[in-house]
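Notes for the one structure printed next.
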Amino acid sequence: MTATNGYDAYEGAGDLLRALSAPIRLAIVSELAQGERCVHELVERLGAPQPLVSQHLRVLRGAGVVRGSRRGREIAYALVDEHVAHIVADAVSHAGEGS
């Protein structure tokens with residue numbers, strides 16, 4: 001398959017799936033599906049250290065999955081596209097079916 005017949009879409013999908021490949025990033029996306037969250041809110045809800053959450057948010061921002069907007073002294077993160085929340089929810093649901 002060449003780039004001219006749709007392979008580019010698969011490249012983009014592969015990039016997205018790589019960005020979602022860490023369990024904590026899936027959890028972050030699931031939290032953001034409920035609405036905007038600041039880092040400290042994600043840290044509290046996920047029980048993960050702040051530097052780790054920030055590092056994974058950077059990966060998700062770089063992949064275009066989340067965006068940040070300043071809210072006073074904090075940055076509120078939100079999903080760029082709700083499709084990603086559906087992908088994560090479906091993946092988590094599918095993984096639970098095998099149990």
Side-chain angles (χ1 to χ4, degrees):
M1 195 178 286
T2 65
T4 57
N5 67 3
Y7 188 72
D8 286 344
Y10 292 106
E11 292 267 343
D15 292 343
L16 172 62
L17 292 173
R18 273 188 291 283
L20 296 173
S21 66
I24 191 167
R25 292 197 286 265
L26 295 173
I28 289 169
V29 169
S30 293
E31 282 296 324
L32 295 178
Q34 307 305 311
E36 274 189 350
R37 303 274 192 266
C38 292
V39 173
H40 73 89
E41 293 170 313
L42 291 168
V43 165
E44 182 180 307
R45 290 176 186 264
L46 300 175
Q50 181 273 324
L52 182 65
V53 172
S54 293
Q55 175 186 2
H56 286 286
L57 280 167
R58 246 187 323 278
V59 171
L60 292 170
R61 270 183 91 171
V65 173
V66 301
R67 69 175 175 276
S69 57
R70 188 149 296 277
R71 189 165 55 168
R73 293 178 53 179
E74 300 176 316
I75 297 176
Y77 291 92
L79 295 177
V80 170
D81 185 334
E82 292 301 315
H83 286 105
V84 176
H86 295 291
I87 291 167
V88 169
D90 287 347
V92 170
S93 176
H94 178 73
E97 289 173 3
S99 301

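Since we're looking at a predicted model, the values are computed, not measured.
Side-chain heavy atoms closer than 4.5 Å link hydrophobic residues (I, L, V, M, F, W, Y) into clusters, and following such links, even through other members, never connects Val59 to Val43.
Applying the side-chain hydrogen bond (donor to acceptor under 3.5 Å, both in side chains) rule to Gln50 yields the partners Ser54; only residues at least two apart in sequence or on another chain are considered. Every residue two or more places apart in sequence or in another chain was checked for a side-chain contact (heavy atoms from CB on, under 4.5 Å) with Pro23, and none qualifies. Partners of Gln55 by side-chain hydrogen bond (donor to acceptor under 3.5 Å, both in side chains), not counting sequence neighbours: none found. With sequence neighbours excluded, the residues satisfying salt bridge (Lys or Arg N to Asp or Glu O under 4.0 Å) with Asp15 are Arg18. Every residue was checked against the side-chain hydrogen bond (donor to acceptor under 3.5 Å, both in side chains) condition with His94, not counting sequence neighbours, and none meets it. Applying the salt bridge (Lys or Arg N to Asp or Glu O under 4.0 Å) rule to Arg25 yields no partners; only residues at least two apart in sequence or on another chain are considered.
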Stepwise side chain to side chain contact (heavy atoms under 4.5 Å, CB included) test for Leu46 and Leu52: CA-CA 11 Å; Leu46 300 175; Leu52 182 65; over 6 Å; no
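Hydrophobic cluster membership for Leu17: none, as no Ile, Leu, Val, Met, Phe, Trp or Tyr side chain comes under 4.5 Å of it.
Each salt bridge (Lys or Arg N to Asp or Glu O under 4.0 Å) pair with one or both residues in residues 77-93, not counting sequence neighbours, would appear here, but there are none. Pairs engaging residues 51-60 under the salt bridge (Lys or Arg N to Asp or Glu O under 4.0 Å) rule: none recorded [sequence neighbours left out].
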Under 3.5 Å, side-chain donor or acceptor atoms of residues 63-80 against the rest of the protein: list the pairs with distances, not counting sequence neighbours.
{"residue": "Arg67", "atom": "NH1", "partner": "Leu79", "partner atom": "O", "Å": "3.1"}
{"residue": "Arg71", "atom": "NH2", "partner": "Glu41", "partner atom": "OE1", "Å": "3.4"}
{"residue": "Glu74", "atom": "OE2", "partner": "His40", "partner atom": "NE2", "Å": "3.0"}

Would you give me the side-chain donor-acceptor pairs under 3.5 Å for residues 28-39, sequence neighbours excluded?
{"residue": "Ser30", "atom": "OG", "partner": "Leu26", "partner atom": "O", "Å": "3.1"}

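Ala48 and Val53 make their closest contact through CB-CG2, 3.8 Å (heavy atoms, listed as atom of the first residue, atom of the second, distance).
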